[in-house]
Number of protein chains: 2
Amino acid sequence: MVDDSKETASAIERLCIEHGLKMTGQRRVIARVLSEAEDHPDVEELYQRAAEIDSRISVATVYRTVRLLEEKGILERRDFGGGRARYESRDNGQHYHLIDVDTGKVIEFEDEQHVALITAIAEKLGFNLVSHRLELFGKKREKIADGGAKKGQSDKNAVLAKKASVRKRG
Amino acid sequence: MVDDSKETASAIERLCIEHGLKMTGQRRVIARVLSEAEDHPDVEELYQRAAEIDSRISVATVYRTVRLLEEKGILERRDFGGGRARYESRDNGQHYHLIDVDTGKVIEFEDEQHVALITAIAEKLGFNLVSHRLELFGKKREKIADGGAKKGQSDKNAVLAKKASVRKRG
DNA sequence: CTAACTGCAAACAATTTGCTCATGG
DNA sequence: CCATGAGCAAATTGTTTGCAGTTAG
């Protein structure tokens with residue numbers, strides 16, 4: 001919702017430059033679209049939005065750009081099922097998603113304890129955590145009038161990491 | 001690990017019958033393969049194993065069967081990256097997966113604290129946790145000669161990973 | 001100037017589907 | 001019997017790539 005006018009270089013464009021990427025017209029557009037996106041668009045969606053700004057863009061370029069940006073660590077790829085990859089800027093901070101099973105709405109939240117926990121688990125299993133994926137699916141509790149459902153911020157949950165038990169099938 | 005000879009109906013075959021599915025020869029074979037699998041085979045792998053038992057089976061049938069069983073809630077579909085869907089029987093109990101990013105090997109583990117944590121998080125956001133998804137991706141720590149890292153349950157997955165590295169993502 | 005980029009269409013890989021024949025219950 | 005299922009190949013879908021022409025730096 002930030003007003004990124006055509007003049008200003010978008011946040012992602014700046015990152016591209018930092019990474020020494022050639023800033024072509026189409027990349028600039030895609031970067032802007034990505035910077036402005038507050039959701040998790042798939043390539044097709046990105047393509048639409050980009051084409052709205054400049055129609056001289058092909059899907060192939062969107063695919064290539066998105067892949068490049070992911071490799072550079074600028075974007076993060078998500079798989080919410082449905083067969084298509086979805087992307088979001090990585091500098092939105094580390095956060096997770098809770099999907100409202102009734103409305104399909106996605107709520108973002110962060111939680112350091114979770115990271116600590118799974119890091120500990122991985123370590124316990126003899127691994128260094130490279131990345132991970134977490135999605136919660138929930139039903140809203142119909143009680144409190146004000147939901148505050150926009151962008152939750154959760155910090156202090158009590159449980160702490162210590163106990164991960166390996167399980168072998170049998 | 002039980003010796004399911006041709007005589008005995010496999011666990012999944014029994015479930016199929018309970019669900020009123022017509023038990024054809026190929027379904028019986030696929031059901032058996034699935035019941036005996038201790039890893040998370042993709043369709044191609046299932047096809048191979050099934051064909052070994054009875055070569056009159058086509059991939060299309062495997063796809064159709066696996067989809068059907070998933071709809072019936074007998075199988076669970078997993079996406080460990082690599083582009084192919086992988087399946088495992090649902091009655092194997094609640095557990096998570098840690099994927100070795102180098103070998104593609106999958107390690108299963110369970111952790112009660114994790115459930116407690118995410119339940120608390122969901123609650124804090126005003127939701128009741130319905131379900132969730134968690135996958136860890138890690139690199140094995142090869143340093144200390146501790147030896148306690150060999151927790152894997154299937155070598156088949158390593159093979160799959162190698163095969164899948166045609167040109168996909170990792 | 002030239003290595004990097006783009007568009008386009010063809011190539012691909014995973015999965016689905018139309019159609020015809022086979023078969024379980 | 002006949003509704004279901006199987007086989008096979010053609011069709012779809014999401015994504016990648018070869019090639020020839022463009023362009024940023």
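Letters go in sequence order (proteins before strands), and every chain restarts at 1. In this text, all values refer to a predicted model and were calculated from it rather than measured experimentally.
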Non-hydrogen side-chain atoms of B:Leu136 and A:Ile121 separated by less than 4.5 Å: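 Answer yes - side chains close enough.
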[X] [atom1] to [N] [atom2]: how many Å, rounded?
X: A:Gln26; N: D:dA24; atom1: CD; atom2: C1'; answer: 11 Å
X: A:Arg77; N: D:dG14; atom1: CZ; atom2: C1'; answer: 12 Å
X: B:Tyr87; N: C:dA14; atom1: OH; atom2: P; answer: 13 Å
X: A:Leu46; N: D:dT15; atom1: CG; atom2: P; answer: 11 Å
X: B:Tyr47; N: C:dA14; atom1: OH; atom2: P; answer: 14 Å
X: B:Lys72; N: D:dT4; atom1: NZ; atom2: P; answer: 11 Å
X: B:Glu71; N: D:dT4; atom1: CD; atom2: P; answer: 15 Å
X: A:His19; N: C:dA4; atom1: NE2; atom2: P; answer: 17 Å

Any A:Arg84 side-chain nitrogen or oxygen under 4.0 Å from OP1 or OP2 of D:dT15: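 It does not, given that no N or O in the side chain of A:Arg84 lies less than 4.0 Å from OP1 or OP2 of D:dT15.
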Distances under 3.5 Å between protein N/O atoms and the N/O atoms of nucleotides 21-25 of chain C, please, pair by pair.
from	atom 1	to	atom 2	distance (Å)
C:dG25	OP1	B:Met23	N	3.0

Sidechain-backbone polar pair: A:Ser35 side chain, A:Ser10 backbone, donor-acceptor under 3.5 Å: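 Not confirmed, A:Ser35 side chain does not pair with A:Ser10 backbone.
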Results of side chain to side chain contact (heavy atoms under 4.5 Å, CB included) for B:Arg27 - residues two or more places apart only: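 Side chain to side chain contact (heavy atoms under 4.5 Å, CB included) list for B:Arg27, sorted by chain: B:Leu21, B:Lys22, B:Met23, B:Thr24, B:Thr65, B:Leu68.
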Pairing of B:Glu88 and B:Arg78 as salt bridge, 4.0 angstrom limit: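 Answer for the salt bridge query: yes.
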Interface with DNA chain C, restricted to residues 58-68 of chain B and to heavy atoms under 4.0 Å: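 By residue number: B:Ala60, B:Tyr63, B:Arg64, B:Arg67.
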Ring centre gap for B:Phe109 and B:His95 strictly below 6.0 Å: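 B:Phe109 vs B:His95: aromatic centres not under 6.0 Å.
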Parallel, tilted or perpendicular: ring planes of B:Tyr96 versus B:His132, cut at 30 and 60 degrees: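 Rings of B:Tyr96 and B:His132: tilted, as their planes differ by 30° to 60°.
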Distance, nearest 0.5 Å, that separates CG of A:Leu15 from OG of A:Ser89: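 With rounding to 0.5 Å, CG (A:Leu15) is 7.0 Å from OG (A:Ser89).
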Straight-line distance of A:Arg86 CZ to A:Leu75 CG, nearest 0.5 Å: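 Interatomic distance, A:Arg86 CZ to A:Leu75 CG, rounded to 0.5 Å: 14.0 Å.
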